[in-house]
Amino acid sequence: MERKMIYVNETDRVFHLSNGEISYILYVMESGQIGHLYFGKALNVKGRYLHMVERVHRPMATYIREGDLYTSYEHLRQEYPCYGTSDYRYPAMEIEGGDGSRICKAEYEGYTLIHGKKPLPHLPATYVEEQGEAETLELTMRDALWNLKIVLSYTVFRDIDAVTRSVRFVNEGEEDLFLNRAMSVSVDFADADYESVQLSGSWARERSVKVRALEAGVTAISSVRGHSSHQHNPFLAIKRRETTEKCGDVYGFSLVYSGNFLAQAEVDNYGVLRVMLGINPFGFRWKLMPEEAFVTPEAVMVYSADGLSGMSRQFHRLYRTRLARGYWRDRERPVLINNWEATQFNYVEEDLLRFAAKAKECGIEMFVLDDGWFGARCNDKGGLGDWTANREKLPEGIEGFSEKIEALGMKFGLWFEPEMVNKDSDFYRAHPDYMLKTPGRSASHGRNQFVLDFSRKEVVDAIYEQMYTLLSKAKISYIKWDMNRSISECYSIAYPADRQGEIFHRYILGVYELHERLIQAFPQLLIESCASGGGRFDAGMLYYAPQGWVSDDSDAVERLKIQYGTSFCYPLSCMGAHVSACPNEQVGRVTPLETRGNVACTGAFGYELDLNRLSPEEIETVKRQVAFYKEQRKLIAQGEFYRLLSPFEGNFAAWQIVSQDKRTSLVTVTRMLSETNGPYRRLPLLGLDAGRKYHIAGTYNTYDAYGDELMCFGLMLEDKSSGQILDGSGGCQDFLSVRYEITAQTD
Ligand code: GLA
């Protein structure tokens, strides 16, 4: 049944977006600016809310009208503020006119209600499959002097507690304008008694959860690297101090974008919190000529009263079902084996075929050939840009090799790094001017490679042609799309001086364009995104690539933290996670194969080692792991995810997945360091049906219990008789992990 979700009070000029669970309320101020009233748990749609506006006289303020000592934007909560007309906080937009002036007076002109949701041109965005799933409010504002139209767009979803926003600027005037700042979202919260939660780190330790109390001033994370980055993810949550994983208010903000971003929380002198998220204004300057339009990337806002886990489940639902798309969205992902950690660049075809044959014997469904197969690629000094096979390694090219893999009964996947070039490549020799480089300056390299100028259509076309040719001729079911360095000396010789501030954004638009063309040409191609692991693991990429390589750190213990942090915003279905060899390549740690399997299988599962080097017992374990994943992969990809114990806070990490019908659940518990004579441990579960009887199959023990017991008393962590227990009185081994399969019984 269709449900109304946007309520307009024409008299008060108040707009109330509500799906019954959350409310987002805004209004048109007397002055014509759009003001913010409320975002959070659903409020009564019949309510009148203008009394929430705090309009007081304050000394030392500037007021927008002569004779009026009350109306100052400094004191008003706004939806899309600008700087310079009495508000001194950071603005959502800054526009520059031809005369250098930067004051914009955007006044409300009207609104439109749209059933459903419109796509964003050339940008990734959430979508609906039926119009009744969402409603969209578009508020049009205009700056009369410049005749600049600004359209604020808000979509509320019927079944997901999220509101998405984006902004469209249309120059309907006569003069050239410049957008110096055009954020996707800005929200002024009524108080600032919050903590912020961010996902930060570095290469090989991406997305650690960092929590800090907000204080007067600005708290910000950002990227200026040309990709969303390992350092900070384009995600920010605001939570109350008392909010936990399981309960309490939390607001999540995520940007559907893969380039430079800024996420900022500013606490002002009156205790108002302004949160904003969008393209990083640093280095951004977009020329908007008459009749041109600019659309910001989409920002997603989620509210949950069910704590951080509750927020994550809303993001997961939205991103898994209404951001990821196409052939692979709901399909079971193949179990793959990737040769990178086993061989790096050094292999010949025979090795690879032996490698693949063993994988096939274990039930693995796809072989992925990583870096090193093309051009002059013997190490990282050459080859990038030449996407044809190195015949010394693969005598019959990718066509012949992919056929041999398919003849084994496996699918074939291939690594590309489309945005990059080495100087030692035919592509560079033919097009030395195709890379990003500032004239007269030296160009820095990263891993001996340079970045192609994807802001230029002819560059994207040239790479597309090469990829298209290979994908049409060879049997390629999957590509791993890598991006192994940040952008430096960003400048495009194809654009004039006053458009150089557009290049970072145009670059990302070029990346999206290449993805889109490949998806249109090969709709069944599965793309896994990667950027030296998780350097571009963001919601923008998820629109094109339904899975991404979470991190180059494949150590199971490190991965607990990385996957735990990643799950704050992103669903398990998109987390590429592999079992790798021990000692681990990155940290040298030795962990049990069981644990490596348990951690990796709560993602898009695969292997990254030479199975020929394993013992017969280990091969049996691998076979069991693969069979287990195949049985469970639908639950893992589509179930509801609950974080139970944080690896950031103690010696244990635990998480739980529950099927939508609550009939099956999988719990994984890992203990980092072994302990002697530790306490008894029970683990209260979540999300089960209280009145239903379940069968619990642990790694060593089984029993039956009702959902209420499992959630209130808790799951008993393996008992003492097993010798492989997690309660501290046995199992003297570090990094042990157990999993519990929980299945509903009929009474
Ligand atoms: C990056 C990726 C790795 C691997 C190498 C190959 O580091 O993250 O998984 O593909 O490149 O060069």
Side-chain angles (χ1 to χ4, degrees), residues 201-207 225-231 233 258 336-347 352 355 366-387 389-390 393 398 412-422 424-425 445-451 476 478-487 511 526-538 541 545 547-556 558-559 562-563 566 574-581 584-587 596 600 603-610:
S202 186
W203 172 78
R205 53 180 168 85
E206 296 89 339
R207 293 176 293 287
R225 294 171 170 268
H227 53 114
S228 47
S229 90
H230 301 88
Q231 284 71 14
N233 197 261
S258 312
L336 63 85
I337 186 152
N338 176 304
N339 69 310
W340 176 248
E341 287 199 19
T343 65
Q344 302 244 334
F345 298 104
N346 310 313
Y347 49 80
L352 299 176
F355 191 96
M366 181 154 71
F367 172 81
V368 177
L369 178 57
D370 210 279
D371 197 354
W373 58 268
F374 49 90
R377 191 77 165 167
C378 304
N379 50 42
D380 62 18
K381 294 199 174 66
L384 290 173
D386 294 342
W387 300 109
N390 178 319
K393 290 183 182 173
I398 290 294
F412 176 67
L414 192 60
W415 182 95
F416 284 92
E417 197 176 354
E419 299 150 67
M420 298 293 157
V421 70
N422 285 119
D424 181 11
S425 69
H445 74 96
R447 213 193 185 203
N448 300 301
Q449 64 196 49
F450 298 87
V451 186
I476 301 170
Y478 156 113
I479 65 175
K480 177 174 169 186
W481 181 313
D482 214 335
M483 196 275 187
N484 278 316
R485 60 158 293 186
S486 303
I487 294 175
V511 172
L526 173 59
I527 304 180
E528 175 154 344
S529 72
C530 177
S532 288
R536 201 162 59 187
F537 199 102
D538 55 60
M541 294 317 298
Q547 59 193 61
W549 184 226
V550 172
S551 175
D552 273 349
D553 190 341
S554 62
D555 170 68
E558 298 284 299
R559 272 298 185 113
I562 298 171
Q563 291 174 210
T566 303
C574 76
M575 290 189 208
H578 300 170
V579 172
S580 63
N584 178 266
E585 185 181 275
Q586 294 82 24
V587 296
R596 283 176 271 155
F605 185 55
Y607 288 79
E608 184 119 1
L609 75 177
D610 185 351

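Basis for what follows: all heavy atoms, side chains included, without hydrogens, waters or symmetry-related copies. In listed order, ligands and their atoms are each counted from 1. Keep in mind that what you see is a predicted model, and the values were worked out from it rather than measured. In this chain, numbering begins with 1 at the start of the sequence shown.
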Tell me whether the centres of the aromatic rings in [X] and [Y] are closer together than 6.0 Å.
X      : Y      : value
Trp481 : Phe416 : no
Tyr347 : Trp340 : no
Tyr607 : Phe605 : yes

Any idea which atoms of ligand 1 are less than 4.0 Å away from a heavy-atom of [X]?
X      : value
Lys480 : 3 (C), 4 (C), 9 (O), 10 (O)
Ser532 : 1 (C), 7 (O), 8 (O)
Asn484 : 1 (C), 7 (O), 11 (O)
Cys530 : 2 (C), 8 (O)

In the protein, what heavy atom is nearest to [atom], and what distance, to one decimal place, separates them?
atom                    : answer
atom 10 (O) of ligand 1 : Asp370 OD1, 2.6 Å
atom 12 (O) of ligand 1 : Asp371 OD2, 2.6 Å
atom 11 (O) of ligand 1 : Asp482 OD2, 2.9 Å
atom 3 (C) of ligand 1  : Asp552 OD1, 3.4 Å
atom 5 (C) of ligand 1  : Trp340 CE2, 3.6 Å

### Query
What about Gly533: any of its N or O atoms under 3.5 Å from an N or O on ligand 1?
yes
### Query
Counting both backbone and side chain atoms, is some N or O of Arg447 under 3.5 Å from an N or O of ligand 1?
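Yes; at least one N/O pair falls below 3.5 Å.
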### Query
Between Asp371 and Arg447, does at least one N-O distance fall below 4.0 Å, as a salt bridge requires?
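So Asp371 pairs with Arg447 through a salt bridge.
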Do [X] and [Y] have a side chain donor and acceptor closer than 3.5 Å?
X      : Y      : value
Asp552 : Trp549 : yes
Glu341 : Gln586 : yes
Asp482 : Asn484 : yes

### Task
Could you tell me which non-hydrogen atom of Lys393 sits nearest to which non-hydrogen atom of Arg377, and how far apart they are?
NZ-O, 2.9 Å
